[in-house]
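Beneath this line is the structure, given in C-alpha cells, with notes to follow.
To find a chain, count down the sequence lines: A is the first, B the second, and so on, and within it residues start at 1.
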Amino acid sequence: MARTKYHPPTIEAKWRARWEADGLYHAREDDPRPKFYFLTMLPYTSGDLHIGHWYAMAPSDARARYLRMSGYNVMLPMGFDAFGLPAEEAAIKHGIHPYKWTMANIERMRNQFKTMGAMWDWPREAITCDPAYYKWTQWFFLKFYEHGLAYRATAPVDWCPHCNTSLAREQVWGEDRHCERCGTPVIKKELEQWFFRITNYAEELLDFSKIDWPERVVTQQTNWIGRSEGLTFDLAVCDSSKKIPVFTTRPDTVFGVTFAVLAPEHPLVAELTAPECRSAVEAYQYSARRLSEIDRLSTQRERTGVFIGSYVINPMSGAEVPLYIADYVLMAYGTGAIMGVPGHDERDFDFAQRHGLPIPVVIAPPDWDGQPLASPYLGDGPMVNSGHFNGMPNSEGWQAVADEMESKGIGHRDVQYRLHDWLISRQRYWGAPIPIVYCDHCGTVPVPEDQLPVLLPEDAEFLPTGESPLKLHAAFLNTTCPKCGAPAKRETDTMDTFMCSSWYHMRYTSPGYDQGPFDPARYRFWVPVDQYTGGIEHATMHLLYTRFFTKACRDIGIVNNDEPMRRLFNQGIILGEDNEKMSKSRGNVVNPDDYVATLGADTTRAYLMFIGPWDAGGPWNSRGIEGVHRFLQRVWDVVTSPPKTGAHGPEPADVVALRRITHKTIRKVTDDIEAFRFNTLIAALMEFNNYLLKAKRTAVVQSDAWSEALRTLVLLLAPITPNLAEELWERLGGQYSVHTQQWPRVDDSAVTDETVVLIVQVNGKVRERLSVPPGLDKEAAEALARDSARVQRHIASLGSPRVIYVPDKLINFVGE
RNA sequence: GCCGAAGUGGCGGAACGGCAUACGCGGCGGUCUCAAAAACCGCUAGGGGUAAUCCCUGUGUGGGUUCAAGUCCCACCUUCGGCACCA
C-alpha cells in the first residue's frame, strides 16, 4: 500500500497559523447561537508548561470544540494568575524584578499553550498582575469595605515562617498544619489583619441546589463550613454577677454537667480566677500559649487543665460545679467555653477521670446495671438522673430540654459554623495592594475610587530575609490622608491572590473595559460559567471563595446571579511513569514540548485523553503514547491512501454493516464526550478505524457509505485531534473549517441490527450463542435454543427446567 | 476517630443486574528482509485436556439477595483524598 507519512509538525504549524489569522475561535456577543461559557482554572505563571497543564486543558478544549460543533456560541478564554510568592523568590534569588520574571514566564507559557492547538479566545486574555486588572481587584475590596464585608481585626493567625506571611485557614493543610504552597508547618501569630465576612454566607454557601458540582466538592465544602445545631445558654458564676455563655449540641445531657471549662485565652479567666489559684492558672496559660497548634490539636494528647477557683451553676439541676481552664477548649469555636458532660462525651470523660470528677449517667445505655461507666456512652437511650425528663428517650429529650430552657429564658437554639472569616492580608510585595490609608486624625480611610489603582512601586528592594519590600519603601508607605490631607501611612499588606482569581471569570466577558471591572451587558450575556473544570485541590479554597465573591457582589448590587459556575468537573492528576507524583527531584517529569516536537500536539492530546477516566488521573507511559500515535498514523492511512478498485461493486450487506458501525460510533462518541469519557471515546474511534482498515480491502470503498464513514471519522476526531482533522478534512475535499462543521447526527435506521446474539445459558453458564432476528418471542427462542446440540447435552439431565427469557439478550434454562 | 472515592489480566484500563477483561501497552508467533528496525497479520486471564465450537476456576476478603452479581445489600481488609479536641 502506498503510504504517505503523517507528519504532525508540518500540519500543526500550518493550521495554527491559519486559525489565528482567521480569528476562528473568537467568541462574539452578536452570535445568534445559544451562548456557552467554558472555563478552565487559570494557570499560575510558574514558568514552563507542565504535562499537568495539558492534562487539565486538552480535554476541556475537546469538549468545548464538541459544543461548538453542536451549535453553541462557545467562549473558551485563557489568562494568567500572575501574582504570588515565587515571583518574589526569583527576585531575591536571581535579582530579577517580579514583573519582568512574570511577564517573561507568561510569554513563554503563552507560546507553549499555542502549540496545543486549543480554541482559546486569546483576545480575551487577562493577567491579574496588570494594573488595569488589579485596579478592579482593589475596587472590589473597597466595595466590600463600604458594605461591611471587609474588616480589620487582631487575631491569632496562621503564619508561614518560610513565606513570611499570614495565611487563610483554608491555606493551611494536613495533620501537621503546613502551608499549602511551600509545605512548611505554620505557627500562630497575633496580628492585625484584614478579613472578609464569608461567615455571613455560611448558610447560603451550604445550598448547592443551583449548581451541578461533583459530590466530592459539595461534601468537602459542607464539612469545611461545618454547621452544627444546638443550644447556647449561660452558666451563672457563683458569688458573681458574671455569666459564661456556652454552646452545646447535646441539650439532652445538660443534667450530666459536672464541670465547665474555659479556653485558656478566654477573656473572663483573669477575673474569675481565685487568688490562691492564680499562679497555677497563669503558668498553665503560659504553657498553652507556647504549644504549637499541632501539639494542641493532637487528639492523642492528655487532656490537661487547671481549676481556677470559681464555680458555676447548672441551670437545669441547680448543681454547683467547678470551673477549669483547659487547652482542649478552643477560643475560636463557639463561645470558647463548654459544659463538661463526662458521661456522654469522650473528651469530657478523659478530663473528668484525670481530675477525679464525678461521671454521672444521664442517658442509660442498653442493659445498663446502674454501675459507673467504663467509657463514655455516646448512643441513644432513655434519660435518667434528669429530673422530670427521666424516662424520656433522649432524642425527644433534646427538643424537650431545649424547649424548656428557651421558655424559661435560660438559653436559645443556635447554629454554629466551623467556617472562619477569610483572612486576605499577605505580608508580601507581589500582590494587589490593599487600598487603605491610616491617618492619625481620620483613622482607617479607604483610597477613593478615582485614585485607583494603588500601584506597586517598581523600584522595590528585595531583601534576602523575605521581608515585604513595601514595609521599607518610604515613598509608598508615606502618603497623605485622602480625607484631611495630613501625612498618613499606606497599608503595606497585599491581598491574597485568591482574591484575584475570585472574579477573573467576570473579566473575561469584557477585557479592556475601563468603566468598571466588567461591562454589565456583556457580563449578563456570558455569566454564569456553564462549564468549569479544574483540580479538586481548590475545593475549599478558590471554589469556596469565588462562590462567596459572587454572592457578596450580588448583595452589593454589582451582579444579579447567585452562583458563578453552573457545572464543575474535576480532572485527576497525571503521574510520572513510576506511578509517583511528578517532581524534579524524582526525575520523572514529562516535558510536553518534547512530545509535541516529535509525535505532535494531536498525539499528546489524544494520549492524555486515552490514559483512563479524566477524573482519575494516572501514570504517564511513553510506550502508550506511541500506541496512540500509531492509531493516528492508521487514521491517516485510511483517509489518504488510495483504495483498491475492482471489477465487482460493493456487497449490499457490507454497505449496511459499514453504515451500522459508522452510526453506532457517532452515538458512542457523542454519549462519551457528553459524559467526559474521553478514554472510551477514543477506544470507540480505534475500533471504528480498525474496521475501516479491513473494509478498505473490499469493494465497499466504492460505495457512498465509504465516503460517509471517512467524513464521519474525521468529524468525530476534530475535537480530539484538531490539526489532523483539519488536514484530513481538506484532503477529503471538505469546506474549511472542519471545526465549523455540524456535529454528525445518528441515523437511527442505520443502527438497527438485523440479527442479535442470543446468549443461551444452562444453570447460569453460557453454553451457546445464537444469532437470531430481534424481537423473537419466548417459545421461538426456546425452540431454537433446544435445537442446539450443545444445549441438549447440558439440559439432558435437568428434567423440565424453568426458562428465563430476556428478549434479544439471553435465555437461561434452570434446573432444580 | 469521622466523611468521601477506589480495589478487575504482566501494565493503563472496558463492562444499562445478562458473553468479565473492549481499546491500548507489553509479550509470543508469523509476513516482509541477507539481517535488524519499522510496518502489517495472528495469538495472548489462570488451570486441566492429544484436541475441540471441551471442562473447571476466576473482578480485595467473608456472607447475603437473584434464574443470573465486577455491578445490588451487610460485615471486613487495603489504598488514596478530605476533616479532625468544632463542644
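For B/C32, there is no paired base (Watson-Crick or G-U wobble, both distances below 3.5 Å). Nucleotide B/U57 forms a Watson-Crick or G-U wobble pair with B/A45, both donor-acceptor distances falling under 3.5 Å. Pair check for B/U50 finds none; no Watson-Crick or G-U wobble contact set falls under 3.5 Å. Base pairing of B/U65 is not made with any nucleotide, judged by Watson-Crick or G-U wobble geometry with both donor-acceptor distances under 3.5 Å. As the counterpart of B/G7, B/C77 is assigned, both hydrogen-bonding distances of the Watson-Crick or G-U wobble pattern falling under 3.5 Å. Within the shown strands, B/C23 is the pairing partner of B/G12 under the Watson-Crick or G-U definition, both distances less than 3.5 Å.
Rounded to a whole angstrom, the distance from the P atom of B/G13 to that of B/G7 is 10 Å. If you take atom P in B/U8 and the same atom in B/G70, they sit 15 Å apart, rounded to whole Å.
Among the heavy atoms of the strands lying under 4.0 Å from A/R769 is at least one base atom, whether or not backbone atoms are also near. Among the atoms of the strands shown, only primed sugar atoms or phosphate atoms (P, OP1, OP2) are found under 4.0 Å from some heavy atom of A/R697.
Rounded to a whole Å, the NZ atom of A/K581 is 15 Å from the P atom of B/C80. One interatomic measurement links the two molecules: CD of A/E580 to P of B/C80, which rounds to 10 Å at whole-angstrom precision. The separation between A/Q171 atom CD and B/C83 atom P is 13 Å, rounded to whole Å. Between the C1' atom of B/C54 and the CD atom of A/E768 lies a distance of 13 Å, rounded to the nearest Å. Rounding to whole angstrom units, CG of residue A/N763 and C1' of B/G18 are separated by 15 Å. For the pair A/R418 CZ and B/C2 C1', the interatomic distance rounds to 12 Å; values are reported in whole Å.
Taking side-chain N and O atoms only, A/R790 has a distance below 4.0 Å to OP1 or OP2 of B/C54. Applying the 4.0 Å criterion to OP1 and OP2 of B/G24, one finds that A/N690 has a side-chain N or O inside that range. Listed pair A/R767 / B/C19 fails the phosphate criterion, with no side-chain N or O lying under 4.0 Å from OP1 or OP2.
In this structure, A/V172 and A/C179 have side chains that are not in contact, with every pair of non-hydrogen atoms separated by 4.5 Å or more.
Minimum atom distance to the side chain of A/T249 is reached by B/A87, of the listed B/C25, B/C56, B/A87. Here B/A87 is the nucleotide among B/C23, B/A87, B/A39 with the atom lying nearest to any side-chain atom of A/L330. Side-chain proximity of A/N679 to the nucleotides B/C56, B/G13, B/A87 is greatest for B/G13.
Just one of A/V312, A/V329, A/L323 meets the side-chain contact (heavy atoms from CB on, under 4.5 Å) condition when paired with A/L262; it is A/L323.
Geometrically, A/R605 does not engage A/W54 in a cation-pi contact, judged by NZ or CZ lying under 6.0 Å from the ring centre and within 45° of the ring axis.
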